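Data block below; observations after.
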Amino acid sequence: MFLKYLELINYRNYEENTIFFDSNKTVLIGDNAQGKTNLLEAIYYLANLSSFRSNSDKDLILWQKDFARIKCIFNKFDTDIELDVWINPPKKKLIKVNTIKKTKYSEFIGNLNVVNFGVDDLLLLRGTPEDRRKWLDSAISQIYPAYFDRLSKFNRIKNQKNKLLKSLNGNINISQNQKQTISVWDEQLAITGSNIIFLRLKYLKEIYDTAMSRHLIISSNKENLSFNYVSTILGEFSTEEKIITPDEIAEIFKEKLEENINMEILRGQSLFGPHRDDINFYINGIKAVSFASQGQQRTVVLSLKLAELDLIKQKTGETPILLLDDVLAELDTSRQNYLLESINNNIQTIITSTDVNNFMEIFLDGVKILAIDKGKVQK
C-alpha cells in the first residue's frame, strides 16, 4: 500500500495544500505547532473517519470556514484508489470512493490502512479505559470494517435507553410499558454488544503472539507480556482462553441486564456492556499499570503497534502505512533502533520530527524530507 497524493482544503491550519509522496520514507520537519501532526491526522482520518486527537469534526475545520475537505490517492494491489471526504457539520460527512458516494462508513473504512504511533499512545497503559477502547476499536475497524457500523448501532440503542433511564429519576416502580421498552432495548444491546465483545476478544487473541514475541525481543528476553480483556459481562477474559460464541455472550449479556435493571434505573445509565470494558496489561504476570516504569510502558505500546502492523498485513495482504508522530524523541536509543530497524523498505512510513538528529544514518538513505511551516509544505 502506498499513499501517492494528499489534498487538504480548510483542514486545521491548511487552507489549500497538495502533497505528493514519492518515497517510502517521508520525514516532516518543523517547529512545534506548525502543522506536522495535522498532516498525519488527515491521513488517519481517511482510514478511520475519525481523528486520533479530537472527538468533534468541527475541530478539524479551519477557523472561520464552513467545511473541510480531505482527499487522497493511494495504490493498493497495483490499483489506484481515490478517497474523498467533505466535513460540513452539522450535516453528515460526505464520503466517496473513486468518486462514488457511499452511505455506510463500512463501505469506506478498510480501503486505506494505517497504523498511527504518537506520543499520546505512549500513555495508553496509564490512560483511561476510554483511551484503550478507542485504540482497540480503531484497530479492529481496519480489519473488520463492519465493526464500525455495529459499534455505531450499539451506541444509538444505548443512548435511547439512557434517555429513558434518566427520565425515571431513580424510581424503580416503573410501568409495564416502560419495562417492555427497556426489555426491547436490552435485547438489541445484547445482540449488537455481544458481536462487539466477540470481535474485541478475537482481535486481542490474534495480536497476542506477535505482540508477546516483539516485547520479549525488545526487553532482551527478560519480560513476558500478556493482556486480558476486562468485560462487565464476562469478567476478566484471558487471551489464552477459548473465545465463546456471540450467541453465548448474548445470553450472558441479557441475564446480566435483567438482574441489574433496578441498579441501572437508580443510576440512570447503562452500566454493563462494551462501552464500560477495559484491557489489563501484565509484565511477568504483574499488572503493568501498577508498577511498570515509563520505559516498560513504552515497550508494551511499541510491541502492540508493531503487532498491529503485522496483523493488518496478514489479514489484508497489504502492508499498512505507518505514521510516527514525534515518537522517536520519546524513546531511548535501544527502542529507537528497534523501531527503525523494524521499518523495512516495504513499509511506507511518514514521520514527524523537529529535526533529523534522532535518525540512524542508514535510515535516512532515500528519505524525502518536507519542511512544514505555518501550514505550508516545502521540499
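These numbers were taken from a predicted model, which means no experiment stands behind them.
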Query raised in the report: Quick check: are there more than 12 heavy atoms from other residues, nucleotides or ligands sitting under 6.0 Å from NZ of Lys313?
Result: no

Report task. Treating Ile, Leu, Val, Met, Phe, Trp and Tyr as nodes and any side-chain heavy-atom pair under 4.5 angstrom as an edge, say whether Ile197 and Leu136 lie in one connected cluster. Result -> yes

Query raised in the report: Does NZ or CZ of Lys92 fall inside the cone over Tyr105's six-membered ring, less than 6.0 Å from its centre and within 45° of the axis?
Result: yes

Requested in this report: Check the hydrophobic clustering (I, L, V, M, F, W, Y; side-chain heavy atoms under 4.5 Å; chains of links allowed) and say if Leu40 and Trp135 are grouped together.
Outcome: no

Query raised in the report: So, the side chain of Thr316 versus the backbone of Glu318: is there a donor-acceptor pair under 3.5 Å, distance only?
Result: yes

Requested in this report: If a pair satisfies salt bridge (charged side-chain N to carboxylate O under 4.0 Å, His left out) and one of its residues is in residues 132-156, list it, with sequence neighbours excluded.
Outcome: Arg132-Asp278, Asp137-Arg200

Report summary line: Rounded to the nearest 0.5 Å, the CG atom of Leu151 sits from the OG atom of Ser106 at a distance of 12.5 Å

Requested in this report: Could you label the plane-to-plane angle of the Phe227 and Tyr208 rings as parallel, tilted or perpendicular, counting under 30° as parallel and over 60° as perpendicular?
Outcome: perpendicular

Query raised in the report: Tell me, do Lys315 and Glu206 make a side-chain contact under 4.5 Å, heavy atoms counted?
Result: yes

Report task. Look at atom CZ of Arg267 and say whether more than 12 heavy atoms of other residues, nucleotides or ligands are closer to it than 6.0 Å. Result -> no

Query raised in the report: Above 12 or not: heavy atoms from other molecules or residues under 6.0 Å from CD of Glu130?
Result: no

Report summary line: For Leu94, the hydrophobic cluster (side chain heavy atoms closer than 4.5 Å, chained through members) also holds Ile9, Phe67, Trp86

**Report entry** Shortest non-hydrogen separation from His275 to Ser270 and the atoms involved
**Finding:** NE2-O, 3.0 Å

Query raised in the report: Looking only at atom types and distance, does a side-chain atom of Ser152 sit under 3.5 Å from a main-chain N or O of Phe148, one as donor and one as acceptor?
Result: yes

Query raised in the report: Is it the case that one hydrophobic cluster holds both Leu302 and Ile347, taking links as side-chain heavy atoms less than 4.5 Å apart, direct or via other members?
Result: yes

Query raised in the report: Would a 4.5 Å heavy-atom cut-off, applied to side chains only, mark Leu60 and Ile70 as touching?
Result: no

Report task. Count the heavy atoms belonging to other residues, nucleotides or ligands that lie under 6.0 Å from CD of Glu15, then report whether that count exceeds 12. Result -> no

Query - CD/Gln294: more than 12 non-hydrogen atoms of other groups inside 6.0 Å - result: no

Requested in this report: Not counting sequence neighbours, which residues clear side-chain contact (heavy atoms from CB on, under 4.5 Å) with Arg53? List them please.
Outcome: Arg12, Thr37, Asn38, Glu41, Ser51

Report task. Decide salt bridge (Lys or Arg N to Asp or Glu O under 4.0 Å) for Asp84 and Arg69; before the verdict, give the C-alpha distance in whole Å, the side-chain angles of both, and the deciding distance to 0.1 Å. Result -> CA-CA 7 Å; Asp84 193 1; Arg69 185 185 186 188; 2.7 Å; yes

Query raised in the report: Given Phe272 and Met263, is the side-chain contact (heavy atoms from CB on, under 4.5 Å) satisfied, shown in steps?
Result: CA-CA 11 Å; Phe272 304 93; Met263 185 189 300; 4.3 Å; yes

Query raised in the report: Above 12 or not: heavy atoms from other molecules or residues under 6.0 Å from CD of Glu16?
Result: no

Requested in this report: Please test Asp325 against Lys36 for salt bridge (Lys or Arg N to Asp or Glu O under 4.0 Å), starting from the C-alpha separation and ending with a verdict.
Outcome: CA-CA 8 Å; Asp325 187 21; Lys36 301 189 304 294; over 6 Å; no

